[in-house]
Q: 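Just dropping this structure here.
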Amino acid sequence: MTTKMKEVDAVIVGLGWTGGILAKELAEAGLKVVALERGTMRSTDKDYAVPIVRDELRFVVRHDLMQNTARDTLTIRNNPSQEALPMRRLGSFLPGEVVGGSGVHWSGHTWRWTDMEFRVRTLYEERYGKNFIPTDMTIQDWGITYAELEPYYDKFEYTAAVSGKAGNIRGQIQPGGNPFEAPREREYPLPALTPILASEMFTAAANNNGYHPFPRPAANASRAYTNPDGSKFGGCQYCGYCQRFGCEANAKGSPHITVIPIAMRNPNFELRTHAWVTKVLKDSDGKRVTGVTYTNVLNGEEFEQPAGMVLLCAYAINNVHLMLLSGIGQPYDPVAQTGVIGKSYCYQTGAGATLFFEGRHFNPFMNAGGSNTTIDDFNINWDFDRGPHGFVGGYNIGAGFNTALPIGYRPVPSGTPQWGKAWKAATAKWYQTAMNINASGSVMANRYNYYDLDPTYRNAFGQPLMRMTFDYKANEHKMGQHAAQVINDIAKSMNPTRLNQATARTQPWTVVPYQSTHNTGGTIMGTNPRDSALNKYLQSWDCHNLFAVGANVFAHNASYNPTGPVGALAYWTADAIKNRYVKNPGPLVPA
Amino acid sequence: MRDQNFGRRDFLKGAVAGSVAAANLPQSAQAQQAPAAPATPGYSFLNLDEAAFVEALVDHMVPADELSPKGTELGINIYIDRALAGGWGKGERLYMQGPWKLGVPSQGYQLPLTPAQLYRAGIEATNTHCRKAYGKPFDRLDEQQREEVLAGLSTGKVSFDSGLPVRVFWTTVYQTVMEGMFSDPIYGGNRNKAGWRLIGFPGAIAVHRENVEKFRDKKFPADPISIADMS
């Protein structure tokens, strides 16, 4: 027995950053909006307050704010010849599951992805020729430009209280900023965070090596701030508990203190928590969607929510899962290379070194989520010639600390015993005298990295689990080797007492340990319905009143953290819906 | 000092059998000095054999020296007992639907066991190995023998006749010992914040806004603060 609810103009599935932005913007435009969130309501006052939030075991190790894999997870494998098995507990990536989503527990790193991503195939083919791109590397242009997104990046940065130093304002290179960044209209809303010793030492070493270090832009308010919507932020306390924690100081840009409360005050908006969406419903000819079905997880009761528009705003993986479960669009087939839903799943790669300096005091427990200095010389610097190195993409290198808490972070030089007196002595000696230099690298789309529905395993609702097939390819191995070399050269130039050198990831991708919650693709945006699921407004090519918003739309993964373009694209889509779609519902781009 | 391995388990077993070993109940010197923090306030999951194993394990991995008290005095055994008895030990958040296959290492944990069941089976298998190799269970081994066993578990040189994957058991054991040493004391381990004191971690302290500049490249005088201290 399914209870049919009253029809609304738009139903939003998942209330994190993208759902929050769309909820606020569309409710303000006069649309009746309902958001369905599987998680619970949590607030800074009650849930992220000191001292309870300062609990590494609860929030980092036991995943208090994350998706519960007992109820729903994925199956995983490295290639199509393997049998996929369930990810029985979280590890490599950590989707959030509360009101605010992963926007509560992120670190705040906020980047502007540039045309180096959005025009990736065109740029590489122009410079290196078609043959430079491996046959199985299914990269393609995204159908959008940096210039189109610039105002929306700006809007997101000012909403989320991003602290940083501009490197390029309207074409003028700014000292202290990232000289490789694309031009921005104006400075960041807040000055860069206070540097810590590790980032200062890396800055000096990077300069000595001829690179161009700059403070990492992060949605950690470097001082008290009121954003253009009137949302109030406290100044970051450098408490050392950022990634995976809610912020007790309201200094982290999170939807639960910005767009969501504004939407909640609007009578056009209604939030239903504990509401697990199981399917998007299509009309009889399959050209439109008519709403969603969902289950109240508190009692198992089933509902249908009819809606004029459906906006998928769950975690990237779950947006793709819902598309596959609902039979919207043609599922991707890597053998025939047909279909688009599930195509181009990407992740990120990396390499890291640990440097030990006797006599220094890094105080790894004092930092913001973005206490980090970065170089982009091997990332969005198009002067870096990839030709001799034979890879597509790039990596950024950074040094600093972010949430270096002692269950998870206890650096010791290679070869140290794992227990006993010698282990204790090394742990005591090096905990405060070590720093890291890490690279985060892009992953290009590949024909054999994709999602589909698992044939065997099911979730708590009896639905097939999502199946993820992923591994790093030769392109990523080559990039990782280049990154490890650069890191080790910088590290050696700093004369550490001991050095655990960086090595490239060349082993198969593994579901443990944690790597990054930067899963992208599956319902990618593009220029035409043959090779993409969505148009440039994140509108389904198949059903024009369905939009899917999140990193699931990325046609490949850059080295940068994804939230900058995720937030910007949410504002971009909100504008397209408010200003164009509502007035004249239909495809915003001709197929 | 008498054999530290003749402990509460032997006493309790004797008591059940009607023996009068109570008069000989050994107590460590440290326990006498700190009666307010007994090494074993009681177990809610571990049985006597398992408790003896875990106590011996954590005292071997975290021996007493000038840097910290030993594992049982840090309460790591209590942390492990509580973790296994609680939601995590019972498999909360663990996807527990079959079919069950071992898969490849990159697919992560694939056993049809909750962490508590894994621990129980692993202790039994380790003791079986110890009896075969040394004629007695792990907690009765001398220090050198314990070292050999842990080296065998951590490198996979030991294999279990029961079919339980050693690697998975050891990974879980190691992780829980570290959790018991470095998590907030509300969970039963890290007693007196001795794990945090070992490394100079200040704990749940609220603000470093001023400290971030003031203590740049300077030692931060950490008297650690726990959740209970601030509650």
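Just so you know, these numbers use all the heavy atoms, side chains as well, and skip hydrogens, waters and symmetry mates. In this text the structure is predicted, and so the values were computed from the model without any measurement. Within every chain, numbering begins at 1; the chains are lettered A, B, ... in the order of the sequence lines, protein sequences first and strands thereafter.
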Q: With a 4.5 angstrom heavy-atom cut-off, which part of A:Ser222 approaches chain B: side chain, backbone, both or neither?
A: backbone
Q: Quick check on A:Asn363 against chain B: is it the side chain, the backbone, both or neither that has a heavy atom closer than 4.5 Å?
A: side chain
Q: Chain A contacts: which residues in residues 224-231 of chain B have a non-hydrogen atom closer than 4.5 Å to it?
A: B:Ile227, B:Met230, B:Ser231
Q: Counting heavy-atom pairs under 4.5 Å to chain B, which of A:Lys424, A:Arg360, A:Arg89 comes out on top?
A: A:Lys424
Q: Of the listed residues (A:Ala249, A:Pro195, A:Cys239, A:Pro364), which shares the most heavy-atom pairs with chain B below a 4.5 Å separation?
A: A:Pro195
Q: In terms of heavy-atom proximity below 4.5 Å to chain A, should B:Ala222 be classed as side chain, backbone, both, or neither?
A: neither
Q: Over 60° means perpendicular and under 30° means parallel, so classify the ring planes of B:Phe169 and B:Tyr119, tilted if in between.
A: perpendicular
Q: With a 4.5 angstrom heavy-atom cut-off, is it the side chain or the backbone of A:Phe362 that approaches chain B, or both, or neither?
A: neither
Q: For A:Thr69, which atoms come within 4.5 Å of any heavy atom of chain B: side chain, backbone, both, or neither?
A: both
Q: Which one wins on heavy-atom pair count under 4.5 Å against chain A: B:Gly71, B:Gly103, B:Gly200, B:Pro105?
A: B:Gly200
Q: Answer with side chain, backbone, both or neither: which region of B:Lys218 has an atom nearer than 4.5 Å to a non-hydrogen atom of chain A?
A: backbone
Q: Select, from A:Thr427, A:Thr73, A:Asp55, the one with the greatest count of heavy-atom pairs under 4.5 Å involving chain B.
A: A:Asp55
Q: Between A:Arg77 and A:Glu83 (salt bridge meaning N to carboxylate O under 4.0 Å), is one present in this structure?
A: no
Q: Would you check if there is a donor-acceptor pair between the side chains of B:His60 and B:Glu143 at a distance under 3.5 Å?
A: no
Q: Just so I understand: if I count every heavy-atom pair under 4.5 Å between each of A:Gln82, A:Met66, A:Gln237 and chain B, which residue has the most?
A: A:Gln237
Q: Do you know which of B:Gln110, B:Gln97, B:Lys101 has the most heavy-atom pairs under 4.5 Å to chain A?
A: B:Gln110
Q: A:Leu74 versus chain B, heavy atoms under 4.5 Å apart: side chain, backbone, both or neither?
A: neither
Q: Locate the shortest heavy-atom distance separating B:Val149 from B:Cys130; write the atom from each residue and the value.
A: CG2-SG, 3.8 Å
Q: Would A:Phe59 and A:Tyr241 count as a close aromatic pair, with their ring centres under 6.0 Å?
A: no
Q: Establish, from distance only, whether the side-chain atoms of B:Asn77 and B:Thr72 form a donor-acceptor pair under 3.5 Å.
A: no
Q: Could you check whether B:Lys193 pairs with B:Asp184 (Lys NZ or Arg NE/NH1/NH2 to Asp/Glu carboxylate O, under 4.0 Å)?
A: no
Q: May I ask you to say whether A:Asp64 pairs ionically with A:Arg58, meaning some side-chain N is under 4.0 Å from a carboxylate O?
A: yes
Q: Under a 4.0 Å threshold between the charged nitrogen and the carboxylate oxygen, would A:Arg244 count as salt-bridged to A:Glu56?
A: no
Q: Of the listed residues (B:Ile186, B:Leu67, B:Asn190, B:Ile199), which shares the most heavy-atom pairs with chain A below a 4.5 Å separation?
A: B:Ile199
Q: Please verify the inter-ring angle class for A:Trp509 with A:Phe93; under 30° counts as parallel, over 60° as perpendicular, anything in between as tilted.
A: parallel
Q: Give a yes or no on whether a salt bridge exists between B:Arg191 and B:Glu73, defined as a side-chain N under 4.0 angstrom from a carboxylate O.
A: no
Q: Do A:Arg505 and A:Tyr472 have a side chain donor and acceptor closer than 3.5 Å?
A: yes
Q: Heavy-atom pairs under 4.5 Å with chain A are the metric here; pick the option from B:Leu94, B:Leu198, B:Val104, B:Val177 that has the most.
A: B:Leu94
Q: Which residue out of B:Pro202, B:Gly91, B:Gly108, B:Ser154 racks up the most heavy-atom pairs below 4.5 Å with chain A?
A: B:Pro202
Q: Under a 4.5 Å heavy-atom cut-off, does chain B meet the side chain of A:Trp423, its backbone, both or neither?
A: side chain
Q: For A:Asn459, which atoms come within 4.5 Å of any heavy atom of chain B: side chain, backbone, both, or neither?
A: backbone
Q: Quiz question: by atom type and distance under 3.5 Å, do the side chains of A:Ser92 and A:Tyr514 form a donor-acceptor pair?
A: no
Q: Which residue out of A:Gln418, A:Lys429, A:Glu248, A:Gln507 racks up the most heavy-atom pairs below 4.5 Å with chain B?
A: A:Gln418
Q: Does the pair A:Arg62/B:Glu179 count as a salt bridge with the N-to-O cut at 4.0 Å?
A: yes
Q: Output yes when B:Glu50 and B:Arg120 qualify as a salt bridge under the 4.0 Å nitrogen-oxygen rule, no when they do not.
A: yes
Q: Is a donor from one side chain sitting under 3.5 angstrom from an acceptor on the other, for B:Ser44 and B:Asp81?
A: yes
Q: Using non-hydrogen atoms and a 4.5 Å limit, figure out which bit of A:Thr456 sits close to chain B: side chain, backbone, both or neither.
A: side chain
Q: Shorter than 4.5 Å, heavy atoms on both sides: which option in A:Met201, A:Arg71, A:Glu200, A:Gln67 has the most such pairs with chain B?
A: A:Glu200
Q: Give me the one residue out of B:Val207, B:Ile205, B:Asn211 that meets side chain to side chain contact (heavy atoms under 4.5 Å, CB included) with A:Met366.
A: B:Asn211
Q: Under a 4.5 Å cutoff for heavy-atom pairs, which residue among B:Arg197, B:Glu147, B:Glu213, B:Glu210 has the most contacts with chain A?
A: B:Glu147
Q: Measure B:Leu57 against the heavy atoms of chain A and call it side chain, backbone, both or neither at under 4.5 Å.
A: neither
Q: Is chain B contacted by the side chain of A:Tyr431, its backbone, both, or neither, given a heavy-atom distance below 4.5 Å?
A: side chain
Q: So which heavy atom on B:Val166 is nearest to which on B:Ser159, and how close?
A: CG2-CA, 3.6 Å
Q: What part of A:Ala425 lies closer than 4.5 angstrom to a heavy atom of chain B: side chain, backbone, both or neither?
A: both
Q: Classify the ring geometry between A:Tyr347 and A:Phe470 as parallel (under 30°), tilted (30 to 60°) or perpendicular (over 60°).
A: perpendicular
Q: What part of B:Met96 is in contact with chain A, defined as an atom under 4.5 angstrom from a non-hydrogen atom: side chain, backbone, both or neither?
A: backbone
